[in-house]
Amino acid sequence: MIAPRRLRLLGLVAVLFLVVPMNSSCAFVNPHNRPVWNAFEANMVPEGDGAFWATLPLTVPVGLAAILVDTFIAHPIQVIDNAWDDTVDVWDDLPFEEEYYTTSASLPFRAVGTPVVFVSSFLMRSMFDITATGPEVSPEERRAARDAKRREACMRWLAKVAAGETLKSRRSFPEVMDEEFVAAVKTAIEQGNAHGRIKVYEAAARSDDPTIIDWLAALADPSGVVRYRVIERMPKSIEVPEADLERLLADPDQAVREKAQGRWDR
């Protein structure tokens, strides 16, 4: 049996819904989407019959205000992260190394479509209970899913580098880099050509954890071009021992010597 307080609340909601019509897919029907109404229900609606009816002149306008605040302020704030995640998907893992020209041609359309995707997602999520047809996915879960997708693409890319293929650069490595991924990076450096090694070093330098690379070994690469690019791209947080600096300052390649002199003010 439904408690009397709950019955009264349902009646109050019905009255308010006459003012603000809603359907079964409206965001307001999901308790998670109405924090202000939940606080109003818990703290301002009296338990007793007499008090409930006596305070209707107060609770009806306050309840209506709670619905409006939830609809136009509180719930829209809740969905900003989700709308942003939907928008990020437009730019996630662009396959330049596999479809360079096609991907490049899509950039203007992605740029134009980005604000459209954000605004559309934001409005839809603000007005409707998007999670009603499936389990709610947190921003952390969405980020982990994107990172797993990026890891798979990076693993395929590293395998091609190890095979000696000439590829375009990757923006960065995934956030989570396990032992298998570290081993794939090492294999790509050991077996790839000079061009491939440069691309691996560039991707590592842009990653959250650039220490996945042995930068001191990279500074001793057999290719002068690679050594030059490593000096140029290596994170400034990497400390280079004096002996390695002296070796670079005496490098047989003039460009490498000049690059080392410029970076370390020698």
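Counting from 1, the numbers follow the sequence of the chain as shown.
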Is Asp208 close to Phe173 at the side-chain level, that is, under 4.5 Å between some pair of heavy atoms?
no
Decide yes or no on side chain to side chain contact (heavy atoms under 4.5 Å, CB included) for Val226 and Tyr201, but give the supporting numbers first.
CA-CA 9 Å; Val226 176; Tyr201 294 142; 3.7 Å; yes
Side-chain contact, heavy-atom cut-off 4.5 Å: Arg257 with Asp253?
no
What's the shortest heavy-atom distance between Phe181 and Cys154, and which atoms?
CE1-CB, 3.6 Å
Atom CG in Asn193, atom CD in Gln191: separation rounded to 0.5 Å?
11.5 Å
Checking Val79 against His75 for the side chain to side chain contact (heavy atoms under 4.5 Å, CB included) test, could you report, in this order, the C-alpha distance in whole Å, the side-chain angles of both residues, the deciding distance, and whether it holds?
CA-CA 7 Å; Val79 302; His75 181 54; 3.4 Å; yes
Rounded to the nearest 0.5 Å, how far apart are CZ of Arg227 and CZ of Arg247?
8.0 Å
Applying side chain to side chain contact (heavy atoms under 4.5 Å, CB included) to Ile189 and Ile213, what does each step give before you reach the verdict?
CA-CA 9 Å; Ile189 292 174; Ile213 295 293; 3.5 Å; yes
Contact check, side chains of Pro241 and Leu216, non-hydrogen atoms, under 4.5 Å
yes
Contacts of type side-chain contact (heavy atoms from CB on, under 4.5 Å), residue Arg266, not counting sequence neighbours
Glu242, Leu245, Glu246, Leu249, Trp264
Show the nearest heavy-atom pair for residues Ala188 and Val200, with the distance to one decimal.
CB-CG2, 4.2 Å
With the side chain counted from C-beta on, respond yes when Leu68 and Val36 share a heavy-atom pair under 4.5 Å apart, and no when they do not.
no
Grouping I, L, V, M, F, W and Y whenever their side-chain heavy atoms are under 4.5 Å apart, do Trp157 and Val176 come out in a common cluster?
no
How close do Val230 and Arg263 get, heavy atom to heavy atom, and via which atoms?
O-NH1, 4.4 Å
Using a 3.5 Å distance criterion without hydrogens, assess whether the side chain of Ser121 forms a donor-acceptor pair with backbone atoms of Val117.
no
Residue that, paired with Leu219, satisfies side-chain contact (heavy atoms from CB on, under 4.5 Å) out of Asp251, Val240, Val256
Val240
Among Arg150, Lys149, Arg151, which one satisfies salt bridge (charged side-chain N to carboxylate O under 4.0 Å, His left out) with Asp147?
Arg150
Is any side-chain heavy atom of Met155 less than 4.5 Å from a side-chain heavy atom of Pro174?
no
Backbone N or O of Asp70 within a donor-acceptor pair of the Arg34 side chain at under 3.5 Å?
no
Leu64 and Phe72: same hydrophobic cluster, using ILVMFWY side-chain contacts below 4.5 Å?
yes
Any sub-3.5 Å donor-acceptor pair from Trp215's side-chain atoms to Pro235's backbone N or O?
no
Should Arg197 and Arg229 count as side-chain neighbours, where that means a heavy-atom distance under 4.5 Å?
no
How about Gln78 and Arg125: do any of their side-chain heavy atoms sit closer than 4.5 Å?
no
Could you see if Met127 belongs to whatever hydrophobic cluster contains Val116? Use Ile, Leu, Val, Met, Phe, Trp, Tyr and a side-chain cutoff under 4.5 Å.
no
Please report the interatomic distance CG(Asn82) to OG1(Thr87), rounded to the nearest 0.5 Å.
10.5 Å
Distance alone, cut at 3.5 Å: any donor-acceptor contact between the side chains of Asp221 and Ser223?
no
Give, for atom CD of Glu175 and atom CE of Met177, the distance between the pair rounded to the nearest 0.5 Å.
9.0 Å
Would you call Arg206 and Arg233 a side-chain contact if the rule is heavy atoms closer than 4.5 Å?
yes
